[in-house]
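This report concerns only the one structure given below.
Proteins get letters first, then strands, A, B, ... in listed order; numbering begins at 1 in each.
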2 protein chains.
Amino acid sequence: MAKILIADDEDKIREVVREYAEFEGFEVVEAKDGMEAVEKAQSNTFDAIVLDIMMPRLDGFSACKKIKEVSDAPVIMLSARGEEYDKLFGFELGIDDYVVKPFSPKELMARIRVALKRGQKSQNRSDIFRYEGLVINVTAREVVIDGVKAQMTPKEYDLLFYLVRNINIALSREKLLEEVWGYDFYGDDRTVDTHIKMLRNSLGKYRNLIVTLRGMGYKFEKGN
Amino acid sequence: MAKILIADDEDKIREVVREYAEFEGFEVVEAKDGMEAVEKAQSNTFDAIVLDIMMPRLDGFSACKKIKEVSDAPVIMLSARGEEYDKLFGFELGIDDYVVKPFSPKELMARIRVALKRGQKSQNRSDIFRYEGLVINVTAREVVIDGVKAQMTPKEYDLLFYLVRNINIALSREKLLEEVWGYDFYGDDRTVDTHIKMLRNSLGKYRNLIVTLRGMGYKFEKGN
DNA sequence: GCTGATTTTCACCGTTTTGTCATAATGTTA
DNA sequence: TAACATTATGACAAAACGGTGAAAATCAGC
């Protein structure tokens with residue numbers, strides 16, 4: 001589960017955030033001021049960081065800047081609707097989002113969840129592909145079709161996973177041979193066709209997610 | 001500059017957003033309800049889309065879902081702090097951000113700017129050519145005309161992509177034959193003409209983006 | 001080394017694509 | 001405007017292409 005850092009000098013706020021966050025299933029670490037936040041963030045194990053702006057020892061902006069040097073976790077700022085309010089919109093510090101005080105804990109949680117999701121999207125290049133009843137889990141090397149685990153040959157998996165990892169990208173037969181079969185494969189282009197055929201059969205009603213690009217190759221395409 | 005779509009049934013809101021957005025240098029298109037928003041979004045030329053939730057004919061959630069089918073522009077929702085407020089947090093619709101009414105236009109602009117920035121990072125813009133309702137995606141080997149995927153022959157794609165990659169550059173028939181057909185093609189110059197003809201037909205109302213340079217060759221020209 | 005599973009090659013075949021050419025249309029120049 | 005040069009277009013036969021099934025080759029476990 002996700003681990004988040006909450007930095008605020010008001011005990012009450014930390015307490016409320018912790019309560020809600022743990023209810024959401026997050027692991028929570030607290031910091032009482034900017035310095036402490038920076039120190040704890042050094043470990044770089046957080047999935048998201050919530051910083052109050054007005055804090056003793058080191059303010060939220062400065063803390064954010066320091067933290068961004070070592071971590072790429074999303075940072076959400078807590079701001080009072082006051083003088084620093086405008087500063088937020090510079091977003092030069094790499095702030096990912098902000099919540100205005102007084103805030104609803106529910107909203108903060110929502111924003112944390114969104115920030116986490118966003119991070120995953122850009123990083124984990126969609127390790128799991130879902131489309132209707134089709135689930136392709138690349139790391140688990142597993143394909144589930146309408147609730148039934150699909151039984152495929154190794155090459156089919158390799159080919160499918162490569163296609164999915166390069167979703168919406170046109171791939172020539174040469175490229176596929178090189179990437180899936182290996183650079184040392186000296187065989188017929190048409191081998192790819194045969195495996196595409198088998199893969200399509202294995203995919204059943206989802207066969208048309210693999211699109212033929214005539215004169216070019218193939219492409220895995222997110223269905224419409 | 002970025003082009004944004006603002007959909008809200010209240011004239012006053014659209015007016016204010018337009019004013020601020022144009023001040024920011026954005027090109028603004030308005031929609032009075034969800035239906036209109038979806039229709040206008042079909043052109044797929046927007047860099048960001050702002051949707052009110054409560055709208056006649058089609059609500060913001062449904063509109064968002066429809067729009068996400070054809071466009072990958074970030075969607076920012078406008079919500080009243082009320083009953084639909086919680087729904088936002090599902091974020092299953094692919095909502096990128098939201099702003100709670102009554103909002104400060106400044107904040108909305110900031111969020112739009114952030115959404116745009118985020119979008120640029122994840123996509124490789126250079127490979128995608130957009131002009132009005134025409135989207136040419138070279139890596140996906142896909143051409144979308146007013147929301148409809150175009151069906152072209154391999155040579156048409158190759159020729160089009162080469163022209164687009166050399167936008168605003170005059171290309172002789174010899175050059176085109178060498179680059180698109182290959183150096184080992186020993187055929188008639190006029191072959192190019194025929195393929196330009198077919199390509200123009202495939203491009204429909206965008207046919208005149210391909211300009212004939214009499215006595216010289218052809219050129220793909222970004223319309224003004 | 002036997003056996004069954006997997007991978008690769010290959011040729012057939014219906015379709016699509018392509019290059020050429022004759023003719024029409026359009027632009028250019030005197 | 002006439003004469004010429006260049007480009008657009010439609011038609012069509014040849015070539016290219018991809019889906020497929022089957023056979024051959026290879027591999028893996030025993």
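The stretch residues 190-204 of chain B comes close to DNA chain C through B:T191, B:T194, B:H195, each having a heavy atom under 4.0 Å from the strand. Interface residues of residues 181-189 of chain B facing DNA chain C, ordered by number: B:W181, B:F185, B:G187, B:D188; criterion, heavy-atom separation under 4.0 Å. Within a heavy-atom distance below 4.0 Å of DNA chain C, the residues of residues 149-163 of chain A found are A:T153, A:P154, A:K155.
Residues satisfying the side-chain hydrogen bond (donor to acceptor under 3.5 Å, both in side chains) criterion with A:N201, sequence neighbours excluded, are A:R207. Under the side chain to side chain contact (heavy atoms under 4.5 Å, CB included) criterion, A:K219 pairs with A:L213, A:E221, B:A140, B:E142, not counting sequence neighbours. The side-chain hydrogen bond (donor to acceptor under 3.5 Å, both in side chains) search around A:K155 returns none, not counting sequence neighbours. A search for side chain to side chain contact (heavy atoms under 4.5 Å, CB included) contacts involving B:A2 returns B:F26, B:D47, B:L116, not counting sequence neighbours. With sequence neighbours excluded, the residues forming a side chain to side chain contact (heavy atoms under 4.5 Å, CB included) with B:E178 are B:Y183, listed by chain and number. A:E179 pairs by the side-chain hydrogen bond (donor to acceptor under 3.5 Å, both in side chains) definition with A:K175, not counting sequence neighbours.
Nucleic acid contact class of A:L177 (heavy atoms, under 4.0 Å, all strands): none.
A nucleotide of DNA chain C counts as in contact with chain B when one of its atoms lies under 4.0 Å from a heavy atom; the first and last such, 5' to 3', are C:dT17 to C:dT28. Note that the first and last nucleotides of DNA chain D, 5' to 3', having any atom under 4.0 angstrom from a heavy atom of chain B are D:dA5 to D:dG10.
Partner of B:H195 under the ring-ring contact (aromatic ring centres under 6.0 Å, His included) criterion, out of B:Y162, B:Y157, B:W181, B:Y218: B:W181 alone.
Annotation: B:K66, atom NZ; neighbour count of heavy atoms from other residues, nucleotides and ligands within 6.0 Å does not exceed 12. Enclosure of atom NZ in B:K3 by more than 12 non-hydrogen atoms of other residues, nucleotides or ligands within 6.0 angstrom is indicated.
Using modelled atom types, one side-chain atom of B:D33 and one backbone atom of B:E36 make a donor-acceptor pair closer than 3.5 Å. In terms of modelled atom types and a separation under 3.5 Å, the side chain of A:S71 and the main chain of A:I67 share no donor-acceptor contact.
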(message) For A:F129 and A:L209: C-alpha separation, side-chain torsions, deciding distance, then whether side chain to side chain contact (heavy atoms under 4.5 Å, CB included) applies.
(response) CA-CA 12 Å; A:F129 170 86; A:L209 290 178; 4.2 Å; yes
(request) Verify side chain to side chain contact (heavy atoms under 4.5 Å, CB included) between A:V135 and A:V143, making sure each step is shown before the conclusion. (result) CA-CA 6 Å; A:V135 182; A:V143 178; over 6 Å; no
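For the side chain to side chain donor-acceptor pair (under 3.5 Å) condition, the pairs that include at least one residue of residues 18-30 of chain B, sequence neighbours left out, are B:R14-B:E30, B:R18-B:E22, B:R18-B:E30, B:E24-B:R113.
Remark: A:I196 CD1 to A:R190 CZ distance equals 12.0 Å, nearest 0.5 Å.
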